[in-house]
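Below, read A as the first sequence line, B as the second, and so on, with proteins coming before strands; counting in each chain starts at 1.
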Number of protein chains: 2
Amino acid sequence: MTTDNTNSDITEFSNPMDAVRPDDLRLEKFLPYRLSVLSNRVSNAIADAYSARFDLTIPAWRVMAILGRFPNLSAADLVEQTAMDKVAISRAVSILIKNDYITRSEDLADRRRQVLNLSDLGRDVYERIVPLAQQYENDLMGSLSADERSQLDSIIEKLMARAQDWANRGLID
Amino acid sequence: MTTDNTNSDITEFSNPMDAVRPDDLRLEKFLPYRLSVLSNRVSNAIADAYSARFDLTIPAWRVMAILGRFPNLSAADLVEQTAMDKVAISRAVSILIKNDYITRSEDLADRRRQVLNLSDLGRDVYERIVPLAQQYENDLMGSLSADERSQLDSIIEKLMARAQDWANRGLID
DNA sequence: TGGAAGTGGTTACATTTGAAACCAATTTTA
DNA sequence: TAAAATTGGTTTCAAATGTAACCACTTCCA
């Protein structure tokens, strides 16, 4: 930092020069904000690790991750599982097909649907990325105790359920 | 849902038709992924509530929120506090100045720096958005017990510290 | 049956975003 | 003290994203 009235760390924000206003939003304790910063830091770090090596975008990797675990899904199924946009899925799928990472086959029972799967090459890549991703997650989880890890799990479930409610009903107000 | 091998809810993923592979990445339990979905859901819901009324983007509102609490920051300070991109800050700042929501003044000690503050109008808007944002946060936090809230607080601190380490040192591997 | 309505998926267009190049001011260092 | 390196901030351009319109197929229902 370069001047008196700034701080190198958010935890030092109570420097007297800062003239914190008591009724203000304490952004550094504001959950939506903290979630966003944390999530971006984590996702970007991981994406850096695989995007260069395998030429995958985040949405594309997500599609692979789901298909690796649950074969024979359609694009619509992916939309539902990932909460990603329909168009984002469509684009990710077409990139992945171009790269020969996934295959697409017609569903004869419903000729609008297209059934997606990892190709052999795709599964190969998938199996190389998975440990990488897990390494990051382990490192992250390693900063928590076993208790904290299980607390976090159930807390996320609750928050997710509440946020999901917002999306369903017409928001709060 | 439309077919046998899909599920309407991520918690139902263990349908026998799904042929889950034991060593695969369990994306629905993968922390980076869950954080991303949760964070996007929350931020978008809140943004919907203020963007229409005040014509603010998420980055712009963030800048206002920080400046409302900590006056006299430069763009670089904002980058550091928010973990947002430099360019995103620059654009948010120029929009906010155009809207007369913030002011920009030269730092005479270092003429590269520009000191930013909420304008009177900006503070006005800020003070109207803050309760709105808090309403959402309260609703979200309302889904947790007091214990869980304090657990979450310290868990986030730990995760953030670890993710911050990644950014500092050259990642994990 | 045969249209209206619904669903799966893609395309088109406008907006947002990010990386890299850039300018200007400052600090370093030889 | 002058060139080199660094820092604050903006612009440029390409890529990513979201909304809406759209086509093809299927389902519903008279």
Side-chain angles (χ1 to χ4, degrees), chain A residues 1-3 5-6 8 36 39-41 43-45 47-48 51-52 55-63 67 72-98 102-116 167, chain B residues 1-3 5-6 8 36-37 39-41 43-45 47-48 51-52 55-63 72-98 102-116 167:
Chain A
M1 297 310 304
T2 52
T3 67
N5 61 354
T6 59
S8 65
S36 165
S39 167
N40 286 338
R41 286 210 171 117
S43 289
N44 289 335
D48 282 351
S51 66
D55 191 30
L56 285 175
T57 62
I58 292 183
W61 160 243
R62 269 195 198 158
V63 166
L67 287 179
N72 297 315
L73 299 186
S74 70
D77 299 333
L78 289 170
V79 167
E80 192 159 345
Q81 301 302 346
T82 59
M84 285 167 61
D85 188 86
K86 189 189 193 188
V87 180
I89 296 283
S90 170
R91 285 194 268 242
V93 164
S94 77
I95 289 172
L96 289 170
I97 287 179
K98 200 170 302 170
I102 67 175
T103 63
R104 171 160 57 186
S105 53
E106 283 201 358
D107 181 342
L108 295 179
D110 181 344
R111 290 188 8 264
R112 294 169 305 182
R113 294 183 85 244
Q114 305 179 335
V115 178
L116 304 171
Chain B
M1 296 309 303
T2 51
T3 68
N5 60 354
T6 59
S8 65
S36 165
V37 173
S39 166
N40 286 337
R41 285 210 172 117
S43 289
N44 289 335
D48 283 350
S51 67
D55 191 29
L56 285 175
T57 62
I58 292 183
W61 160 242
R62 272 202 195 151
V63 166
N72 297 315
L73 299 186
S74 69
D77 298 333
L78 291 170
V79 167
E80 191 159 346
Q81 301 302 346
T82 59
M84 285 166 60
D85 188 84
K86 190 188 193 188
V87 180
I89 296 283
S90 171
R91 284 195 267 242
V93 164
S94 77
I95 289 173
L96 289 170
I97 286 179
K98 199 171 302 171
I102 68 175
T103 63
R104 171 161 58 185
S105 52
E106 282 201 359
D107 180 341
L108 296 178
D110 181 343
R111 288 183 15 262
R112 292 169 307 184
R113 295 182 85 245
Q114 305 179 336
V115 179
L116 305 170

Spacing between A/D107 atom CG and D/dA24 atom C1', to the nearest angstrom = 15 Å
inquiry  = Would the distance check show the side chain of A/S90 and the main-chain N or O of A/K86 forming a donor-acceptor pair, the cut-off being under 3.5 Å?
reply    = no
Listed nucleotide nearest any side-chain atom of A/P59, set C/dT11, C/dA24, D/dT17 = D/dT17
query = Will you find, in the side chains of B/R62 and A/S36, an N or O donor that is under 3.5 Å from an N or O acceptor?
reply = yes
query = Side-chain N or O of A/T57 less than 4.0 angstrom from OP1 or OP2 on D/dA16?
reply = no
ask   = A/D110 has a side chain; which of C/dA19, D/dT26, D/dG8 sits nearest to it?
value = D/dT26
task = Using whole Å, report how far CG of A/L78 lies from P of C/dG9.
result = 9 Å
query = With a 3.5 Å cut-off and just heavy-atom distances, do the side chain of B/R111 and the base of D/dG8 make a donor-acceptor pair?
reply = no
ask   = With nearest nucleotides of DNA chain D determined for A/V87 and B/Q114 from heavy-atom distances, which residue corresponds to the more 5′ nucleotide?
value = B/Q114
task = Could you state the atom-to-atom distance from CD1 of B/I97 to C1' of D/dT10 in whole Å?
result = 12 Å
query = Between atom CD1 in B/I102 and atom P in D/dG9, what is the gap in whole Å?
reply = 11 Å
task = Report the residue (A/S94 or B/A109) whose heavy-atom-nearest nucleotide on DNA chain C is the more 5′ of the two.
result = A/S94
ask   = The side chain of B/K86 lies closest to which of these nucleotides: D/dA24, D/dT6, D/dT10?
value = D/dT10
Value in whole Å for how far the P atom of C/dG18 lies from CE of B/M84 = 9 Å
ask   = Counting only N and O atoms by type, is there a donor-acceptor contact under 3.5 Å from the side chain of B/N44 to the main-chain atoms of B/R41?
value = no
Separation of atom CZ in B/R91 from atom P in D/dT10, rounded to whole Å = 11 Å
query = Is a salt bridge present between A/D85 and A/R91, judged by a nitrogen-to-oxygen distance below 4.0 Å?
reply = no
task = Return the value, rounded to whole Å, for the distance between atom CG of A/L108 and atom P of D/dA24.
result = 20 Å
query = Base, sugar-phosphate alone, or nothing: which one does A/D85 contact when heavy atoms must sit under 4.0 Å apart?
reply = base
inquiry  = If you compare every side-chain N and O of B/S90 against the phosphate oxygens of D/dT10 (OP1, OP2), does one of them come in below 4.0 Å?
reply    = yes
query = What is the minimum heavy-atom distance between A/L116 and A/I102, and which atoms define it?
reply = CD2-CD1, 4.3 Å
key: Between P of C/dT16 and CD1 of B/I58, the distance in whole Å   = 12 Å
remark   = Ranking A/R104 and A/R112 by the position along DNA chain C of their nearest nucleotide, the one closer to 5' is A/R112
